[in-house]
Colleague: 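Got a structure for you, written out below as structure tokens; questions coming shortly.
These figures come from a predicted structure and were not determined experimentally.
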Amino acid sequence: RDTLACSKTKEFVFHCRILLSVLGGIMASGPQEPQMVDLSTLPIPALGQMQQQVDQEIELLTNSMSSLKVVQQRFDESRDSVAKVAERPVDTEMLLPLTSSLYVPAKLKDTDSLL
């Protein structure tokens, strides 16, 4: 049992070192310089706490990445819509969206400057 626990602890320490090096690279671009910690000297409860913190940071980064992908998709859709409107001739009648469900009739006056 102790051998299994020791093996799992060593494996966890190995994974923590990898995660810390990756997160350290990400955090190094931020305002604070990451501190190096010898994981083999930390007690098991501290390693558990560190694992929770790393898991939370990974979840935060994953959520942020998902949000950025959604924003990028919306931006791409907007860019495509503006490109399609710019191809239309002047004085084209169209429905202009004010909200996601409210449209008003409008005439295209200038394709060079769109709001």
Side-chain angles (χ1 to χ4, degrees):
R1 181 176 173 181
D2 289 337
T3 305
L4 180 62
C6 182
S7 172
K8 287 189 178 244
T9 301
K10 287 181 181 178
E11 182 180 339
F12 174 72
V13 168
F14 174 75
H15 290 291
C16 279
R17 285 184 178 153
I18 292 172
L19 287 172
L20 285 174
S21 68
V22 170
L23 290 174
I26 292 170
M27 292 173 59
S29 62
Q32 296 178 349
E33 193 66 31
Q35 295 178 356
M36 298 303 290
V37 176
D38 184 8
L39 296 177
S40 62
T41 63
L42 294 176
I44 295 205
L47 290 174
Q49 184 179 12
M50 182 178 281
Q51 179 183 14
Q52 287 178 346
Q53 181 181 0
V54 168
D55 288 342
Q56 289 173 350
E57 290 177 11
I58 289 172
E59 184 177 349
L60 176 68
L61 289 171
T62 302
N63 291 340
S64 296
M65 188 169 164
S66 296
S67 296
L68 285 173
K69 284 182 180 182
V70 168
V71 169
Q72 180 183 16
Q73 182 181 7
R74 288 182 181 169
F75 176 79
D76 290 341
E77 290 170 358
S78 296
R79 183 189 59 216
D80 294 343
S81 295
V82 167
K84 287 178 184 176
V85 168
E87 293 173 356
R88 294 182 178 192
V90 175
D91 290 331
T92 300
E93 291 187 10
M94 57 191 301
L95 291 175
L96 182 68
L98 293 181
T99 67
S100 62
S101 61
L102 178 63
Y103 292 80
V104 294
K107 261 190 184 179
L108 186 60
K109 292 291 181 190
D110 183 12
T111 59
D112 293 329
S113 62
L114 299 172
L115 296 177

Colleague: Between L68 and Q72, is any pair of side-chain heavy atoms under 4.5 Å apart?
Modeller: no
Colleague: So how far is it from Q52 CD to Q56 CD, rounded to the nearest 0.5 Å?
Modeller: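 Q52 CD to Q56 CD: 7.0 Å, rounded to 0.5 Å.
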Colleague: Can you confirm whether more than 12 heavy atoms, excluding those of E77, are under 6.0 Å from its CD atom?
Modeller: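 More than 12 within 6.0 Å, yes.
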Colleague: Considering non-hydrogen atoms only, spot the tightest contact between V90 and K109 and give its length.
Modeller: CG1-O, 3.4 Å
Colleague: Please indicate whether R74 has more than 12 foreign heavy atoms, meaning atoms of other residues, nucleotides or ligands, lying under 6.0 Å from its CZ.
Modeller: no
Colleague: To the closest 0.5 Å, what do you measure between CG (L96) and CG (L102)?
Modeller: 9.5 Å
Colleague: Indicate yes or no: at least one non-hydrogen side-chain atom of T92 is less than 4.5 angstrom from one of P89.
Modeller: yes
Colleague: Show the nearest heavy-atom pair for residues V85 and L108, with the distance to one decimal.
Modeller: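 Looking at all heavy atoms of both residues, the shortest contact is O-CD2, 3.7 Å.
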Colleague: Using the rule that two of Ile, Leu, Val, Met, Phe, Trp, Tyr join whenever any of their side-chain heavy atoms come within less than 4.5 Å, decide whether L47 and I58 are in one cluster.
Modeller: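 Same cluster.
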